[in-house]
There are 2 protein chains.
Amino acid sequence: MQKEDCLLDRCFLCKHSLPAWKSLIELKKTTFSFKKGKKIFQEGEPVKGIFFIYEGSVKVTMNWGEQKELILRFAKAGDVLGHRGFGGDPFYPISATALEDCKVCFIDNSFLEASLIANPALSNQLMQVFAQELQKAEKRMRDLVHMEVKGRIVLALFEIIDAFGTDENGYISLQISRQDIASYAGTTYETVFKFFTELTGKGILSTSGKSIKINDPKALQSFIKY
Amino acid sequence: MQKEDCLLDRCFLCKHSLPAWKSLIELKKTTFSFKKGKKIFQEGEPVKGIFFIYEGSVKVTMNWGEQKELILRFAKAGDVLGHRGFGGDPFYPISATALEDCKVCFIDNSFLEASLIANPALSNQLMQVFAQELQKAEKRMRDLVHMEVKGRIVLALFEIIDAFGTDENGYISLQISRQDIASYAGTTYETVFKFFTELTGKGILSTSGKSIKINDPKALQSFIKY
DNA sequence: CGATAGCTTGATACAGATCAAGCAGTGTGG
DNA sequence: CCACACTGCTTGATCTGTATCAAGCTATCG
């Protein structure tokens with residue numbers, strides 16, 4: 001975790017602030033680097049401010065008991081992190097872990113609050129973020145409850161591709177473990193594994209190490225049943 | 001659905017607006033009554049504005065296929081409704097149905113947006129609402145995924161009491177069907193039914209028609225396992 | 001008084017979690 | 001350089017919670 005410079009145009013806060021504020025923001029914000037696997041913040045920690053991802057990807061998780069976790073969402077460059085610290089309770093209800101080496105910039109709570117009051121456009125922009133995430137969260141809630149496991153795993157794959165895209169050979173740009181896919185789909189490692197073997201056997205999916213490639217999206221779709 | 005007067009102090013919008021705006025709001029807003037069981041708005045309908053519940057209780061639901069639904073949350077007097085219409089897509093992703101006779105007041109989108117720009121305090125207040133709901137939604141998501149059915153039903157009961165309270169005899173103030181409890185807990189009618197028979201047999205719960213009373217909250221708690 | 005719909009309850013089926021065993025691959029010490 | 005743990009991957013076998021189905025029961029209405 002070390003300080004670095006942060007580019008203005010990749011930072012949510014700067015992008016949606018008045019030009020006059022930008023130099024002030026630049027003074028106030030701190031940029032950190034996190035190695036893959038490191039925790040950016042953790043469930044139960046006091047909320048000190050808000051993060052904006054400048055580079056890399058992150059998983060946002062919530063724990064159940066000691067060993068089980070649910071991945072709530074994936075976040076990537078340009079996304080906001082830690083804004084759940086808002087409403088009420090000043091402790092993070094969630095954890096954020098780097099999935100790749102990351103650079104994030106951090107803004108202190110008091111400065112953020114001042115910015116929000118001074119800058120209604122920023123405030124509205126952040127509200128949009130909340131609104132969209134709320135919609136996504138509720139849709140996902142329904143999916144997790146009513147869909148069967150295979151459909152949930154397929155959805156997980158589609159959403160990961162949606163967020164991170166694929167490389168020139170069609171492989172998902174993010175190296176993601178089966179355990180993480182399971183945690184996102186709300187199932188176990190073994191179930192994901194068996195389903196993947198089924199899919200690769202049918203030629204719908206290809207894997208090479210931790211890289212995953214979807215060959216036949218239509219066939220995948222068919223596992224989503226209403 | 002008929003127009004009526006709306007008391008200022010029960011309306012979120014008025015409560016968080018500058019005094020100067022209140023008379024204007026009074027002109028702009030429209031109050032409607034909905035009979036028990038009536039839909040206030042429905043999944044897929046275009047979003048025209050935002051609602052504030054002034055009286056009565058409401059369930060917010062999302063459908064899965066034709067017959068299955070998930071109750072996302074319960075809302076009561078003082079709560080905001082239909083604000084999910086914000087981010088992006090101008091169609092409701094959810095439905096809202098009156099659980100009791102209701103009075104709600106409605107504010108047009110364009111006026112709301114103007115208010116938000118003109119009144120940063122209101123904007124921040126609404127953001128708080130979003131932040132809190134997002135937190136709740138994500139916690140619930142984890143619970144629905146990792147808890148077993150009995151625990152989820154217990155949680156449903158506690159949350160209903162939390163929202164609506166109990167009457168002088170200890171019965172839950174809201175008359176709620178077993179089907180709705182099932183839809184909230186993400187399970188089936190029969191499962192709720194069997195669990196209730198078990199609970200009443202042990203004296204933990206009492207029912208009389210659609211009224212429900214919890215006799216032994218501690219014993220109920222014990223069904224929530226980590 | 002028969003029919004129809006909702007309530008209650010037992011029987012069955014099945015998805016998917018859990019468990020456990022086999023099988024690499026990797027590291028460590030003799 | 002080879003044996004021996006050790007950890008992570010792969011896979012089959014079992015077990016359990018819960019949905020689904022179906023049948024009996026009760027109440028309501030024409």
Side-chain angles (χ1 to χ4, degrees), chain A residues 36-37 63-71 141-157 175-202 204-212 222-226, chain B residues 36-37 63-71 142-157 175-202 204-212 220 222-226:
Chain A
K36 181 173 177 173
N63 274 93
W64 179 252
E66 267 316 302
Q67 292 305 326
K68 283 185 188 173
E69 71 170 23
L70 177 70
I71 295 181
M141 199 153 107
R142 181 203 56 183
D143 293 344
L144 286 168
V145 169
H146 286 307
M147 284 178 61
E148 45 190 47
V149 170
K150 288 184 182 182
R152 279 167 10 219
I153 296 173
V154 169
L155 266 192
L157 287 174
Q175 299 253 341
I176 186 161
S177 72
R178 271 143 233 237
Q179 178 57 65
D180 277 343
I181 293 173
S183 297
Y184 189 78
T187 180
T188 58
Y189 179 84
E190 288 98 322
T191 301
V192 171
F193 192 91
K194 286 169 191 171
F195 186 45
F196 270 33
T197 342
E198 181 189 342
L199 291 176
T200 46
K202 288 179 181 165
I204 299 171
L205 207 78
S206 305
T207 55
S208 116
K210 282 200 172 177
S211 298
I212 300 164
S222 72
F223 286 97
I224 300 173
K225 292 174 203 125
Y226 286 83
Chain B
K36 181 174 178 171
N63 274 92
W64 178 253
E66 266 315 300
Q67 292 304 324
K68 283 183 186 174
E69 72 170 21
L70 176 71
I71 296 181
R142 182 203 56 182
D143 293 345
L144 286 168
V145 169
H146 287 307
M147 284 179 61
E148 44 189 48
V149 170
K150 286 184 181 181
R152 292 187 335 239
I153 296 173
V154 169
L155 266 192
L157 288 174
Q175 298 254 341
I176 185 159
S177 71
R178 270 144 235 239
Q179 178 57 65
D180 277 344
I181 293 173
S183 296
Y184 188 77
T187 181
T188 59
Y189 179 85
E190 287 99 322
T191 302
V192 171
F193 192 90
K194 286 169 191 172
F195 186 45
F196 271 32
T197 344
E198 181 190 341
L199 291 175
T200 47
K202 289 179 179 164
I204 299 171
L205 207 79
S206 306
T207 55
S208 116
K210 283 202 172 178
S211 298
I212 300 165
L220 265 193
S222 71
F223 286 98
I224 300 173
K225 292 174 202 126
Y226 287 83

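Owing to the predicted nature of the structure, the values given are computational and were not obtained by experimental measurement. Chain identifiers are assigned alphabetically (A, B, ...) following the order of the sequence lines, protein sequences preceding nucleic acid strands; residue numbering begins at 1 within each chain. Reckoned from all heavy atoms, side chains included, excluding hydrogens, waters and symmetry mates.
- B/Ser211 and B/Ser208 share no donor-acceptor pair across their side chains, judged by distance under 3.5 Å alone.
- Between D/dT18 and B/Thr187, no contact under 4.0 Å exists linking OP1 or OP2 to a side-chain N or O.
- Closest contact between the side chain of A/Val149 and the listed nucleotides C/dA20, C/dG16, D/dA22 involves C/dG16.
- Between the NZ atom of B/Lys194 and the P atom of D/dC21 there is a distance of 13 Å, rounded to whole Å.
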Side-chain atoms of residues 144-157 of chain A: list all donor-acceptor pairs with protein atoms under 3.5 Å, sequence neighbours left out, distances to 0.1 Å.
unit_1	atom_1	unit_2	atom_2	d
A/His146	NE2	B/Glu69	O	3.3
A/Lys150	NZ	A/Glu198	OE1	3.0
A/Arg152	NE	A/Ala185	O	2.9
A/Arg152	NH1	A/Met147	O	3.2
A/Arg152	NH2	A/Ala185	O	3.3
A/Arg152	NH2	A/Gly186	O	2.9

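- For A/Thr191, the side-chain atoms get nearest to C/dG16 when compared with the rest of C/dG16, D/dC9, C/dC19.
- Across all strands shown, A/Glu148 has heavy atoms under 4.0 Å from sugar-phosphate atoms exclusively, and none from any base.
- Inter-residue side-chain proximity for B/Thr191 and B/Phe195 is flagged as unmet; no heavy-atom pair is nearer than 4.5 Å.
- Atom OH in A/Tyr189 sits roughly 17 Å away from atom C1' in C/dG16 (whole-Å rounding).
- Among all heavy-atom pairs drawn from B/Lys225 and A/Trp64, the shortest one is O-CZ2, 3.3 Å.
- Between the CG atom of A/Leu144 and the C1' atom of C/dA15 there is a distance of 16 Å, rounded to whole Å.
- Atom pair B/Lys225:NZ and C/dA17:C1' shows a separation of 16 Å (rounding to whole Å applied).
- In this structure, NZ of A/Lys150 is placed 12 Å from P of C/dA17, rounded to the nearest angstrom.
- Residue A/Phe196 is classed as having no contact, given no heavy-atom separation below 4.0 Å to the nucleic acid.
- Between the C1' atom of C/dG16 and the CD atom of A/Glu198 lies a distance of 13 Å, rounded to the nearest Å.
- The side-chain heavy atoms of A/Phe196 and A/Ile212, taken from C-beta on, include a pair separated by under 4.5 Å.
- Taking atom NE2 on A/His146 and atom C1' on C/dA15, their separation rounds to 17 Å, with Å as the unit.
- Of all nucleotides listed (D/dT10, C/dT9, C/dT18), C/dT18 comes nearest to the side chain of A/Thr188.
- Residue B/Lys68 is classed as a sugar-phosphate contact, given heavy-atom separations below 4.0 Å to backbone atoms only.
- Residue B/Phe195 is out of contact with every strand shown, counting any heavy-atom pair closer than 4.0 Å.
- Here the nucleotide nearest the side chain of A/Thr197, chosen from C/dT8, C/dT9, D/dT11, is D/dT11.
- Here C/dT9 presents its P atom at 12 Å from CD of B/Glu190, a figure rounded to the nearest Å.
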